[in-house]
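First the proteins, then the strands, lettered A, B, ... as listed; each starts at 1.
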Amino acid sequence: MSKPGLPQGTRDFSATVVQRRQYIFQTIRRVFETYGFQPLETPAMENLETLMGKYGEEGDQLIFKILNNGLANPDKADRSRAALENVLAGKSSKDLTERALRYDLTIPFARYVAMNHGQLTFPFKRYQVQPVWRADRPQKGRYREFYQCDADIVGSSSLQNETELVLLYAAVFQALQLPITLKLNNRKVLAALAQTCGGPEWMVPISVAIDKLDKIGWEKVAAELENKGLPAAAIEKIKTYLSISGNNAQKATAMRALLGSEAQAETGLAELETILAQAQPFWGNTTVELDFTLARGLNYYTGTIFEVKAQGVQMGSIGGGGRYDDLTGLFGVPNLPGVGISFGVDRIYDVMEELALFPTTLAETTQLLFFHLGQKEAAEAFRWMQTLRAAGIATELFHEQQKFDKQFRYAEKKQIPFVAILGSDELAAGKIVLKNLSQGSQSNMGLEDLLLFFQQRAENPSR
RNA sequence: GAGGGCGUAGCUCAGUAGGUUAGAGCGACAGUUUGUGGCACUGUAGGUCGUGGGUUCGAAACCCAUCGUUCUCCCCA
């Protein structure tokens, strides 16, 4: 027998980790719901054709495909072989694989909306918290199975939606006490830049290159663009574009000076300014800045784009999103514009771990451990325990009669804050000894008082 | 897809000019006479040195392959 192991890039989550992850999930869910989003869940797998071609060439290769069942069936053997030939030739074949694991939450959402648009109330606001899978090579902050938390609004072009998403981001990260920078840009500004640099076909290469600015520096960005055949004059223009700095107002002014003659640029800038003006009074101390180098890979974005970076940590983005004009058009339902954002929970976890931002109280689960001090005593303890449990207080009874030492150590290891001693004396008196393990103090108590004690403690955890 | 680092006890790691029965700390378990834990002391268990080849009188150590893991690039959350 070989040692058991996990598939590359996947993880088990032990108790403490799950509790911390739940803390993040619950915070995000709560904010989603207070902003009027409703939950949606979709299957782990989709038809392969639903996913293919939606994430660009690179994306297609990162989709986990599921091998069809029944390939060994003799009746289908010839077709299976032919299918394999196809796959070896770099094509996909339904005879070999027709399903794939979910790659993100946006495309399945688009598929859902396209299938159900007759029944939905628009604008439709949904949130979705589920794992996705990518056949990527794992490294820091990158896994093959990870969770996304998405919120999207479809069926509305109103910029108010963007404003709400900015505030939603601010609310979540303030609740988590995680300092972030929320970056905003608009694809229309990038499109205008591409227009002045040779035409729309330059949009993607230029976006990809300038997105790396802070990582590789201007020299390499310029080299990459030159390599792709962009004229020197255009590169000079991009250099000016990237040199724009200052506060948000100054950046917008500078951008108008550079690209103001392009109608698209003016539209994009006006949109950004509207969002900033609407959201600013409510975003508290969150840092929100225009970043014209922000491009984001997904090519279905058409307007505003968002990205969240954690402050004080070396980590890729921990969230992002943007506006798309026609997401469901891919599935035959045109004219449904929308805007959405996503939280990268696994990265948020890593960042919070690094910055030690998790509340210490998350680890406490069981509140009280009854010592097992004999059959009769345990039977009585069981009665008390069930009463406490019925009141919602997490309680355990030690599993067998053992010396105190053992039972104390069990409580310590599980970080149980209180133990109840119910031995022969207590049995006779109808009271237990309640001991606070961190303080070492103890006192006698009846069942009523014990219940009261924990109910009050639940309301005021600082005690 | 390309390129590095690292695989020794449950965990963190020592251990190389190749040389006896491979070590430590932490953890686990047991005990220091069974109604009060954390500390301390004593003892016990636990290792095909990732795997398979090769070089050698002799390999945890050197070489090759392979698997796993981790990081960087590409791309992304």
Next on the checklist: From the set B/C76, B/U36, B/U72, return the single nucleotide nearest to any side-chain atom of A/Arg347.
Outcome noted: B/C76
Checklist outcome for this item: Whichever of A/Ser441 and A/Arg142 has the more 5' nearest nucleotide on RNA chain B, that residue is A/Ser441
Next on the checklist: Any base atoms under 4.0 Å from A/Val132, or only sugar-phosphate, or nothing? Heavy atoms, all strands.
Outcome noted: nothing
Next on the checklist: What contact category does A/Asp346 fall into here, base, sugar-phosphate, or nothing, at under 4.0 angstrom with non-hydrogen atoms?
Outcome noted: nothing
Next on the checklist: What's A/Glu426 touching, base or sugar-phosphate or nothing? Going by heavy atoms closer than 4.0 Å.
Outcome noted: base
Checklist entry - Mind checking the C1' distance from B/C41 to B/C71? Whole angstroms is fine. => result 44 Å
Checklist entry - Any ion pair linking A/Glu224 and A/Lys212 (charged N to carboxylate O, less than 4.0 Å)? => result yes
Item to check | By ring-ring contact (aromatic ring centres under 6.0 Å, His included) - contacts of A/Phe292 (at least two apart) | outcome: none
Checklist entry - If you look at every strand shown and take non-hydrogen atoms under 4.0 Å, does A/Leu373 touch a base, only sugar-phosphate, or nothing? => result nothing
Checklist entry - Which nucleotide in the list B/C74, B/G37, B/G35 gets nearest to the side chain of A/Asp425? => result B/G35
Next on the checklist: What's A/Gly316 touching, base or sugar-phosphate or nothing? Going by heavy atoms closer than 4.0 Å.
Outcome noted: nothing
Checklist entry - Checking all strands, does A/Ile421 fall into the base, sugar-phosphate, or nothing category for heavy-atom contacts under 4.0 angstrom? => result base
Checklist outcome for this item: Whole-Å distance, A/Ile416 CD1 to B/G37 C1', equals 13 Å
Checklist entry - Below 4.0 angstrom, N of the basic side chain to O of the carboxylate: do A/Glu33 and A/Arg29 qualify? => result no
Listing time: all N or O pairs from protein to nucleotides 28-31 of chain B that are below 3.5 Å?
unit_1, atom_1, unit_2, atom_2, d
B/A28, OP1, A/Lys413, NZ, 3.4
B/A30, OP1, A/Lys406, NZ, 3.0
B/A30, OP2, A/Lys406, NZ, 2.3

Checklist entry - So which nucleotide from B/G35, B/G3, B/A77 ends up closest to the side chain of A/Arg137? => result B/G3
Checklist entry - Ignoring hydrogens and angles, are the base of B/U36 and the side chain of A/Gln407 linked by a donor-acceptor pair under 3.5 Å? => result no
Checklist entry - Is there aromatic stacking of A/Phe343 against B/A77, centre distance under 5.5 Å, plane angle under 30°? => result no
Next on the checklist: For a quick check of understanding: with a heavy-atom distance under 4.0 Å over all strands, which category does A/Leu6 fall into, base, sugar-phosphate or nothing?
Outcome noted: sugar-phosphate
Checklist entry - Tell me, what's RNA chain B's dot-bracket, Watson-Crick or G-U with both distances under 3.5 Å, | for other-strand, [ ] crossing? => result (((((((..((((.....[...)))).(((((.......))))).....(((((..]....))))))))))))....
Checklist entry - According to the side-chain hydrogen bond (donor to acceptor under 3.5 Å, both in side chains) rule, which pairs have a member within residues 339-353 of chain A, sequence neighbours left out? => result A/Arg11-A/Asp346, A/Arg20-A/Glu353, A/Arg21-A/Asp346, A/Tyr143-A/Asp350, A/Asp150-A/Ser342
Checklist entry - Once you round it to whole Å, what is the distance between P of B/U36 and CD of A/Gln401? => result 15 Å
Checklist entry - Is A/Arg383 salt-bridged to A/Glu380, going by a charged N under 4.0 Å from an acidic O? => result yes
Next on the checklist: Ring of A/Phe109, cation from A/Arg126 - is the NZ or CZ under 6.0 Å from the centre and inside 45° of the axis?
Outcome noted: yes
Item to check | B/C13 versus B/C57 - spacing of their C1' atoms, nearest Å | outcome: 32 Å
Checklist entry - Closer to the 5' end of RNA chain B via nearest nucleotide, is it A/Gly59 or A/Gly440? => result A/Gly440
Item to check | Sugar-phosphate, base or nothing in reach of A/Lys220, heavy atoms under 4.0 Å | outcome: nothing
Item to check | Evaluation steps, salt bridge (charged side-chain N to carboxylate O under 4.0 Å, His left out), between A/Arg142 and A/Asp136 | outcome: CA-CA 8 Å; A/Arg142 177 179 295 184; A/Asp136 212 347; 3.2 Å; yes
Item to check | Between B/G43 and B/U48 - C1' atom distance, rounded Å | outcome: 28 Å
Checklist entry - Expressed in whole Å, how much space separates the C1' atoms belonging to B/A9 and B/A60? => result 14 Å
Next on the checklist: Is A/Gln139 close enough to B/U72 that one of its side-chain N or O atoms is under 4.0 Å from OP1 or OP2 there?
Outcome noted: yes
Checklist entry - Does NZ or CZ of A/Arg134 fall inside the cone over A/Tyr103's six-membered ring, less than 6.0 Å from its centre and within 45° of the axis? => result yes
Item to check | B/A45 versus B/A30 - spacing of their P atoms, nearest Å | outcome: 15 Å
Checklist entry - How far does CZ of A/Arg137 sit from CG of A/Leu62, to the nearest 0.5 angstrom? => result 11.0 Å
Checklist entry - What is the minimum heavy-atom distance between A/Leu225 and A/Pro205, and which atoms define it? => result CD2-O, 4.1 Å
Next on the checklist: Nearest whole Å is fine: how far is B/C75 P from A/Tyr103 OH?
Outcome noted: 12 Å
Checklist entry - How is A/Ser342 classified with respect to the nucleic acid when contacts are heavy atoms under 4.0 Å: base, sugar-phosphate, or nothing? => result nothing
Item to check | Residues that A/Phe37 engages under ring-ring contact (aromatic ring centres under 6.0 Å, His included), provided they are two or more places apart | outcome: none
Checklist entry - When you measure from the side chain of A/Glu412, which nucleotide among B/C74, B/G35, B/G38 comes out closest? => result B/G38
Checklist outcome for this item: Sorted by chain and number, sequence neighbours left out, side chain to side chain donor-acceptor pair (under 3.5 Å) with A/Glu396 holds for A/Thr366, A/Tyr410, A/Lys414
Checklist entry - CG of A/Asp350 versus C1' of B/U70: gap in Å, rounded? => result 14 Å
Checklist entry - What is the nucleic acid contact for A/Tyr143, judged by heavy atoms within less than 4.0 Å: base, sugar-phosphate only, or nothing? => result base
